[in-house]
Structures are given as structure tokens and as C-alpha cells.
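The structure appears below as C-alpha cells.
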Number of protein chains: 2
Amino acid sequence: MDEYSAHHLDDLFGAMSDATRRAILARLAQSDARVTELASAFTISLNSTSKHIRVLERAGLVTRSVQGREHVLSLNAGPMAEAAGWLEFYRQFWTDRLAALEDFVVKKRHLDKHGSKQ
Amino acid sequence: MDEYSAHHLDDLFGAMSDATRRAILARLAQSDARVTELASAFTISLNSTSKHIRVLERAGLVTRSVQGREHVLSLNAGPMAEAAGWLEFYRQFWTDRLAALEDFVVKKRHLDKHGSKQ
DNA sequence: CGTATATTCACCCATATGGATGAATATAGT
DNA sequence: ACTATATTCATCCATATGGGTGAATATACG
């Protein structure tokens with residue numbers, strides 16, 4: 001079952017468990033950006049942004065290219081494939097559940113039409 | 001972009017960011033289990049297990065059915081669909097990256113065959 | 001009714017997190 | 001050299017986390 005490094009998945013899911021960091025990832029999906037650009041976009045301090053970026057780097061989701069005094073951040077979605085792969089195992093469970101729900105709805109509609117009144 | 005509740009995704013990704021909790025989910029994918037059964041399977045105390053379960057419940061990944069003095073836990077993978085959906089947006093980025101890597105490998109192989117020595 | 005079992009509650013502890021501020025470092029521009 | 005800009009480092013604070021232990025609660029069993 002655990003073909004992925006547990007520690008890596010810890011960092012990966014942990015990095016994605018914060019709304020600010022998910023917003024940073026969404027922003028970087030549009031284009032690379034500097035730390036200041038990210039900070040101004042999310043109304044949190046520059047230092048907080050810097051910390052979030054470090055968390056994202058540790059998870060491997062963001063890479064940094066230092067160009068002079070500017071640090072350019074890039075999205076690196078690669079590791080997300082591991083998270084998606086881990087989730088994939090469970091897809092059968094939620095699709096089964098949806099299928100069961102659909103059955104229920106169909107059956108209920110049938111009863112509403114042809115079943116006993118109230 | 002954020003069609004999912006940010007708070008929900010926080011809890012969801014947060015719940016999946018711990019190896020013990022992922023192991024609990026994997027165990028519950030096989031069959032329902034009681035708290036004690038889960039605790040004995042993972043060599044952590046009953047109370048730690050109880051806490052992990054609460055985290056999983058808060059994320060909606062586990063449901064509890066109290067039967068007498070026993071609490072039977074069940075996997076509820078439904079919310080994972082949201083996490084998977086969130087990740088889906090980024091699939092293009094990691095597949096693009098894999099495609100780029102493949103291009104590079106092919107190009108390199110070509111150079112190794114026909115390019116200048118050294 | 002008394003006792004064993006299943007689980008949670010109330011704490012305690014060490015560490016991590018998210019946020020802030022002020023100082024330090026590094027680079028660009030003049 | 002001086003100054004402005006970009007970013008991190010060092011702290012501090014409140015809160016959360018993961019782990020533990022011992023007591024409390026609830027239910028089953030004899």
C-alpha cells in the first residue's frame with residue numbers, strides 16, 4: 001500500500017493543508033513570482049509569506065531561482081502526482097458511494113411514482 | 001479556483017498529512033473496525049488512536065456507529081473526491097513536466113548517438 | 001449488584017505552526 | 001560610498017499537534 005515515502009506525504013499533504021499556501025500554488029500556476037509579489041497578493045506579511053514558501057519548498061511543490069536580490073518562485077507540481085496516486089486507491093470507495101446514492105435516488109423516484117402514498 | 005470550502009480542505013489535507021492516520025484509513029478500507037482494533041494494529045496508545053480518529057471524523061473521512069459500548073469506525077472516502085478534484089487542476093502541470101522530461105531524454109539519446117563526442 | 005471491557009476526558013509535555021515585529025544580510029542603483 | 005530594495009533571520013506569542021498517563025463514564029456480563 002505504502003509505495004510512497006510516508007515522510008514525503010506528510011510534508012506534501014501538510015503543505016496543502018493551508019489555504020494561504022494553496023492560494024500561493026494557484027498564483028504560481030499562472031506564472032512565476034517573487035516573494036514580494038506573493039506577499040502583496042495575500043495581505044499577509046512578507047515574513048509570513050517567506051515561511052509559507054519554505055514549507056512549500058520542503059514539500060517540493062515550489063522551487064526557487066535566486067536572481068540577484070530577487071528570489072523567483074516556480075510551481076513544481078510533480079510531487080502532487082504522488083498525492084493524487086495515493087488518493088487514487090480510494091477512488092473506488094467514493095465512486096461506489098456515489099453509485100449507491102444514485103441507486104437510492106432512482107429507487108426513491110420510482111417509489112414516489114408507484115409506491116404507497118405517504 | 002476555490003470552488004471547495006477552504007476550511008474543509010484544510011481539515012481534509014491536514015487529516016491526511018499524518019502517516020498513522022493514513023494507515024488507519026487504509027485499514028478501514030479493508031473493513032470497519034473498533035477503536036481498540038485500530039490501536040492494537042498501530043502500536044500507539046488507545047488514547048492517541050482516539051484522538052487520530054477524532055481528526056479523521058472532523059475531516060469527514062471516518063464515521064462512527066456506536067453499538068453498545070463499542071464504537072465501530074467506517075471509512076467515508078467521499079470528501080477525498082474534493083481533494084482529488086483540487087489536485088486535478090494541477091495535473092496539467094505535472095504531466096507537462098513529465099512530457100518535457102521525456103522530450104529531454106529522447107533528445108539526449110539522439111545526441112549521444114549522433115552528436116559531437118564528449 | 002459488582003466487575004470487566006471500551007472508550008473518552010482531563011491533564012501534562014515537547015514540539016510545530018501561523019502570525020507579527022525588528023534587525024541583519026545581500027544586491028542594485030546612483 | 002551611500003541608499004533603497006528584496007529577502008531572510010531571530011525572537012516572541014498564542015495555539016495546535018502528537019504522544020503519554022490516570023481518572024471518569026458507559027455498557028456488557030456474571
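Order of the sequence lines fixes the chain letters, A, B, ..., with proteins taken first and strands second; residue numbering starts at 1 for each chain.
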D:dT17 OP1/OP2 closer than 4.0 Å to side-chain N/O of B:R21: no

Under 4.0 Å from OP1 or OP2 of C:dG18: is there any side-chain N or O of A:S48 that close? no

Kindly write out the residues that satisfy side chain to side chain donor-acceptor pair (under 3.5 Å) with [X], not counting sequence neighbours, or none if the list is empty.
X     : answer
B:R91 : B:E88
B:N47 : none
B:Q30 : none
B:E57 : B:R64

Listed partners of [X] passing side-chain contact (heavy atoms from CB on, under 4.5 Å), at least two apart:
X     : result
A:V35 : A:L46, A:T49, A:I53, A:H71, A:L73
A:D32 : A:V72, A:S74
B:S17 : A:F13, B:R21

side-chain contact (heavy atoms from CB on, under 4.5 Å) evaluation trace for B:W86 with A:L25: CA-CA 11 Å; B:W86 183 88; A:L25 292 172; 3.9 Å; yes

Salt bridge (charged side-chain N to carboxylate O under 4.0 Å, His left out) partners of B:D18, counting only residues at least two apart: none

What is the distance, to the nearest angstrom, from the [atom1] atom on [X] to the [atom2] atom on [N]?
X     : N      : atom1 : atom2 : value
B:D18 : D:dT17 : CG    : C1'   : 9 Å
B:M16 : D:dT17 : CE    : P     : 15 Å
B:R22 : D:dG18 : CZ    : C1'   : 14 Å
A:D11 : C:dA16 : CG    : P     : 12 Å

Return a single string for nucleotides 24-30 of chain D, one symbol per nucleotide in 5' to 3' order, where B is base contact, S is sugar-phosphate-only contact and - is none, cutoff 4.0 angstrom on heavy atoms. ---BS--

For DNA chain C, find the residues of residues 39-47 of chain A with a heavy-atom distance under 4.0 Å and give them by number; none if there aren't any. A:S45, A:N47

Contact list please: residues 49-56 of chain A against DNA chain C, heavy atoms, distance less than 4.0 Å, in numerical order. A:K51, A:H52

List, one per line, each side-chain donor-acceptor pair under 3.5 Å for residues 36-44 of chain B, sequence neighbours excluded.
residue	atom	partner	partner atom	Å
B:E37	OE1	B:R34	N	2.8
B:S40	OG	B:T36	O	3.3
B:S40	OG	B:E37	O	2.9

Using the rule given for side-chain contact (heavy atoms from CB on, under 4.5 Å), can you reason through B:M16 versus B:L61, listing the C-alpha separation, both sets of side-chain angles and the distance that settles it, and then say yes or no? CA-CA 9 Å; B:M16 299 187 293; B:L61 293 172; 4.0 Å; yes

